[in-house]
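Naming convention: chains lettered A, B, ... in sequence-line order (proteins, then strands); numbering from 1 in each chain. Values below: every heavy atom of this structure, side chains too, minus hydrogens, waters and symmetry copies.
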Protein chains: 2
Amino acid sequence: MAVTIKDVAKKANVSISTVSRVLSNSPKISEQTKRHVRKVIKELGYHANLTARSLVQQTTRTIGIVMKNSSREALHTTFLPEVLGGITAITSKYEFSIRLAIGESEEEIFQDVTKMVQGKQVDGVIVLYSKKDDPVINYLKDSQIPFVILGRPTKDINKITFVDNDNRQAAMDATNYIIQLGHKRIAYIGDDTKFEVAKLRITGFRQAILDNGLKLQENFIKYINGNYEEGFEAVRELMSLPNRPTAIVLSDDINALIVLSALSNLAIKIPEDVSIISFNNSTIARITYPRLTTVDVQVYQLGQEAAKAIIEQVNEPNVIKKSLLIPTVIIERESCKKLTTVNEI
Amino acid sequence: MAVTIKDVAKKANVSISTVSRVLSNSPKISEQTKRHVRKVIKELGYHANLTARSLVQQTTRTIGIVMKNSSREALHTTFLPEVLGGITAITSKYEFSIRLAIGESEEEIFQDVTKMVQGKQVDGVIVLYSKKDDPVINYLKDSQIPFVILGRPTKDINKITFVDNDNRQAAMDATNYIIQLGHKRIAYIGDDTKFEVAKLRITGFRQAILDNGLKLQENFIKYINGNYEEGFEAVRELMSLPNRPTAIVLSDDINALIVLSALSNLAIKIPEDVSIISFNNSTIARITYPRLTTVDVQVYQLGQEAAKAIIEQVNEPNVIKKSLLIPTVIIERESCKKLTTVNEI
DNA sequence: TTGTACGCGTTATCAA
DNA sequence: TTGATAACGCGTACAA
């Protein structure tokens, strides 16, 4: 059996409450006893049992993190390590720890989350995705427990704390960037609109095209969902059009690499023949040839802010639920070219 | 305040022990009371407080996962989601849950791990890396708690349970594969030998070259550590050699993409001019052009086996510590070419 | 400044 | 088949 507070008390010839007070560094204990008790604690190698502490304090100092583990999510390469990095930078500063709810199926995740929440194993929850009619999110809403969504909620925007980029604006920025380089025939290749982020990005793209008085060609928009073959097919179609695009906006770096491969296969040069701009600024964007101009969504920051938000809510349950939009920034590399001659345009 | 076992007992007009027995589905309780109590449980939305249960049962049914979050690790793209997927596939089957110890610095990780272990918050630990003289691993060894390393321990091989690939053998396999395609001048580009896995792969490469009676050229071996510029430089040097290599073995898909980019920059064609084979079979390998022939190390399986091993140890502390080597498999794609004419060779 | 005693929500032991 | 009660390890109101 491990050493408990009793053992310390006995060996130090004090009561367990005294030991407890020393642990919390109570000012009511004389420096002398503190020194003595601490010495005994060290000698015995004592560490407080956090389970017992949780039980009596009715708080766990633990945050639950919910993530989907679908294959498509896994593709987001550095997203997971980066966001966890951001989250833990904050949680470890405030001495919170982390519990995970992953799972293959929606059902499994749901079980994990309810177990965690009902079982009183966490004080708050961060959800790493946003999806329409998601049972987990609906459950959390009813459960009273503080939670934060990383992504834009599909409804109850004002009642849910969330941390996100302004993905619509970011897509507009990316598209405007391309337009300012002189491009007029611009395609979009990305994911379908099941997840909010995909929906917002395509919306932003459309908006920017229209705002600039360009023609919005529906056959310039392709959904490939990270699929290699579909990507090749989409690019082939796009490039065999009589007035083919001179630039492509990509929804993320994975899709961008697929398109890069497809263009390379067709011996089409980047950025000479086609410019491409992408999202996420993941590792991939930094090591392709040419390296990708991409919108950095600052995943690490997103993680940090989500963690700050949930800890704040846990500490002060009645604080108003304020949500946060993290700015995005375009990282210029070598995949975009300025069009100059009329001929090119 | 949440609903407790007391509330259920009161409303059901039974004692709390009866409720507790219903929860564990004890055969000593009549079907009738079971039905009644379960109904009340449902009505009140009662869920057992797992913290209290942990306290009395002296077990948490929770596994701690330790990972490094250094930038180089983050590069492993799909490693983290995949290994977590494998682990949780098993843990959720056995109704274990998961606690995370990440951290920017070695010091932070160490704090997290000790807190988790001393605080009795986990029954066992999985360490997702293997490194020489690592304080966390040394601590775990002394702490009595069951733990499993995903990777090959640097010492005490027989006293530590670990799950790994035979990375030396895998590198030999990859090199032999290339050799059997007729290549004789084969280069290796990878990471330096700080981590065990890198060390073992370069060792296997050397061995295969020697075993096949080929000449081991030291200037055919380059360390680039996932760095783009260093990768370009290494490739440039290699390709400007009078008798340049016809094939390159890469330590992982990230380094492979860098080399692919560098070769593309030099207008050297794959696999026509140079064949490349890589490790990990991550998403990247499936979406480059050409797609990469790569050694699948089966990260998901590694995660599963690590989870199985730790749960077994938790359940039966005295079981002998058997370690496991997960077989690797070469996934053939389009980045390797068979050499036929003497001229090519 | 320190100690006593109770309670946190369970499970387990012993009676009934 | 059920109930009363003592743990589990800790924090804290109340006493001293």
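One interatomic measurement links the two molecules: CD1 of B:I16 to P of C:dT11, which rounds to 9 Å at whole-angstrom precision. Atom CZ in B:R61 sits about 17 Å away from atom P in C:dT10, given to the nearest Å. One atom, CD1 of B:I5, and another, P of D:dA7, lie 19 Å apart when rounded to the nearest Å. Note: CD (B:E31) to P (D:dT1) measures 10 Å, nearest angstrom. Distance CG (B:L23) to C1' (C:dT10): 10 Å, rounded to an integer number of Å. Rounded to whole Å, atom P of D:dG9 lies 15 Å from atom CG of A:L44. Here D:dT12 presents its P atom at 11 Å from NZ of A:K28, a figure rounded to the nearest Å. Rounding to whole angstrom units, CG of residue B:D7 and C1' of C:dT10 are separated by 13 Å.
When the nearest nucleotides of DNA chain D are assigned to B:V56 and B:T18 by heavy-atom distance, the more 5′-ward of the two goes with B:T18.
Between the base of C:dT13 and the side chain of B:R21 there is a donor-acceptor pair shorter than 3.5 Å. You'll find a donor-acceptor pair under 3.5 Å spanning the side chain of B:S17 and the base of D:dA4, going by distance alone.
Between the A:D156 side chain and the A:K159 main chain, no donor and acceptor come within less than 3.5 Å of each other. Side-chain N or O atoms of A:S20 include none that pairs as donor or acceptor with a backbone N or O of A:I16 at under 3.5 Å. A donor-acceptor pair under 3.5 Å is absent between the side-chain atoms of A:D123 and the main chain of A:V314, judged by distance alone. Checked by atom type and distance alone, the side chain of B:Q298 pairs as donor or acceptor with a backbone atom of B:P327 at under 3.5 Å.
Contact annotation: B:T33 side-chain N/O to D:dT2 OP1/OP2 distance is under 4.0 Å. For B:Q57 and C:dA12, the shortest distance from a side-chain N or O to OP1 or OP2 is below 4.0 Å. Close to D:dG9, at under 4.0 Å from its OP1 or OP2, lies no side-chain N or O of A:T4. A close approach under 4.0 Å does not occur between any side-chain nitrogen or oxygen of A:Q58 and OP1 or OP2 of D:dG11.
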Inset, instruction - Output, in order, the C-alpha distance, side-chain angles, deciding distance and verdict of side-chain contact (heavy atoms from CB on, under 4.5 Å) for B:I102 and B:D112. - result: CA-CA 7 Å; B:I102 324 182; B:D112 264 25; 5.8 Å; no
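When heavy atoms are screened at a 4.0 angstrom cut-off, A:V19 is found touching no nucleic acid atom at all. Within 4.0 Å (heavy atoms only), A:L55 reaches at least one base atom of the nucleic acid. Among the protein residues, B:K6 comes within range of the sugar-phosphate backbone only, with heavy atoms under 4.0 Å from sugar or phosphate atoms but none that close to a base. Heavy atoms of B:S30 sit under 4.0 angstrom from primed sugar atoms or phosphate atoms, though from no base atom.
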